[in-house]
2 protein chains.
Amino acid sequence: MIISTKGRYGLRAVFELAKAHGQGTMSIKSIAEMQDLSEQYLEQIFSKLKGAGLLVSTRGAGGGYKLAFDPKDIAVGKVLTVLEGELAPAECVGDDAAQCDNVALCTTHVIWQRIYDGFNDVIYSITLADMVDDYQKMLSSKPQAKDVRC
Amino acid sequence: MIISTKGRYGLRAVFELAKAHGQGTMSIKSIAEMQDLSEQYLEQIFSKLKGAGLLVSTRGAGGGYKLAFDPKDIAVGKVLTVLEGELAPAECVGDDAAQCDNVALCTTHVIWQRIYDGFNDVIYSITLADMVDDYQKMLSSKPQAKDVRC
DNA sequence: TTTAATCTTGACAAAATCGGTCGGGTATAA
DNA sequence: TTATACCCGACCGATTTTGTCAAGATTAAA
């Protein structure tokens with residue numbers, strides 16, 4: 001599995017926040033229930049996302065989390081990168097790439113770079129708003145639909 | 001690191017076989033020396049690749065490994081998949097996908113599928129022959145070049 | 001003011017995976 | 001017959017994954 005549970009659960013949870021954006025905060029408890037996740041594990045995940053500035057929280061009764069930005073301004077890739085670390089195929093590509101002796105002459109480097117670029121193109125081209133749109137469309141085409149996870 | 005050492009070392013080693021294709025076999029020892037890898041670890045890697053039918057071996061003195069097919073008929077993706085297992089972002093995509101309750105209604109499934117497709121497009125569109133071509137071009141444009149790894 | 005809800009933080013731990021090593025085989029060319 | 005090379009399964013320490021547990025801080029509401 002390229003994406004660990006942190007990233008997969010995290011994206012599902014953030015998707016709930018995106019659906020409810022503009023309607024105040026949601027508690028970890030309610031999201032954990034909806035998505036059938038452990039509250040304590042989800043705490044860890046949201047804590048990371050908050051640390052990265054993607055979420056804001058309110059303490060106390062009636063508090064909870066919400067997105068720090070509009071869903072259309074949060075790329076799926078951002079969420080995944082915060083939770084998984086940088087998704088690079090090898091050390092010689094990516095933001096904090098360890099430069100090898102001579103990248104210009106390294107044959108496998110070309111492969112890793114293409115994988116990295118392709119991957120990031122995909123995950124940064126989809127926003128949370130896109131996910132919500134997809135969801136609305138699925139709902140309207142199959143009105144009996146219930147939330148499903150994978 | 002999305003690709004582990006098995007995949008990264010393996011691709012480098014197989015690239016050596018591709019460069020020498022048509023010139024008989026190469027021993028693990030010589031490749032391990034060239035690419036600065038442990039012989040015993042490389043044995044494990046080649047054993048897997050042989051099991052998958054990508055390599056053939058000759059035992060005894062003067063023996064070694066060679067590609068089972070022409071480099072142009074071996075995709076980088078095939079090598080990586082044999083060594084890494086299927087490179088799926090989640091359980092619900094890929095050949096041996098665990099079907100979730102209702103994929104057609106699952107919002108995150110769309111994301112995992114797009115990542116999976118993008119990834120496989122890249123790695124199955126490059127063959128070992130492409131790598132060798134790249135290498136020859138690099139050599140001719142910088143004739144003083146030595147082999148470099150990353 | 002008290003209470004309950006909620007986020008916050010850090011430690012802990014079982015299980016799986018990673019990145020190999022070790023110690024023997026077996027087949028074959030020289 | 002001997003040296004070379006592949007073959008194979010067990011093992012092993014370190015790290016990462018996937019969480020759990022406990023205690024505390026903050027705040028809204030009763």
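Letters A, B, ... are given to chains in the order of the sequence lines, protein chains preceding strands, and every chain is numbered from 1.
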How many whole angstroms separate atom [atom1] of [X] from atom [atom2] of [N]?
{"X": "Gln40(A)", "N": "dG10(C)", "atom1": "CD", "atom2": "P", "value": "16 Å"}
{"X": "Leu83(B)", "N": "dC18(C)", "atom1": "CG", "atom2": "P", "value": "12 Å"}
{"X": "Met1(B)", "N": "dT17(C)", "atom1": "CE", "atom2": "C1'", "value": "15 Å"}
{"X": "Ile45(A)", "N": "dT8(C)", "atom1": "CD1", "atom2": "C1'", "value": "16 Å"}

For the atom pair CZ (Arg12(B)) and OG1 (Thr5(B)), what is the distance rounded to the nearest 0.5 Å?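 Going from CZ on Arg12(B) over to OG1 on Thr5(B), the span is 10.0 Å.
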
Nearest 0.5 Å, please: how far is CG in Leu87(B) from CD1 in Ile2(A)? 5.0 Å

Judged by modelled atom types alone, do Lys66(B) and Thr25(B) share a side-chain donor-acceptor pair under 3.5 Å?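 There is no such pair (donor and acceptor under 3.5 Å, judged by atom type) between the side chains of Lys66(B) and Thr25(B).
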
Any donor-acceptor pair under 3.5 Å linking the side-chain atoms of Thr81(B) with those of Tyr124(B)?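 There is such a pair between these side chains.
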
For Phe46(A), check ring-ring contact (aromatic ring centres under 6.0 Å, His included) against everything at least two apart and list the hits.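 Phe46(A) satisfies ring-ring contact (aromatic ring centres under 6.0 Å, His included) with Tyr65(A) only.
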
What string of B, S and - do you get for nucleotides 1-18 of chain D 5' to 3' if you count protein non-hydrogen atoms under 4.0 Å? ---BSSBB---------B

Linking I/L/V/M/F/W/Y whenever any side-chain heavy atoms sit under 4.5 Å apart, do Val82(B) and Phe69(B) land together? yes

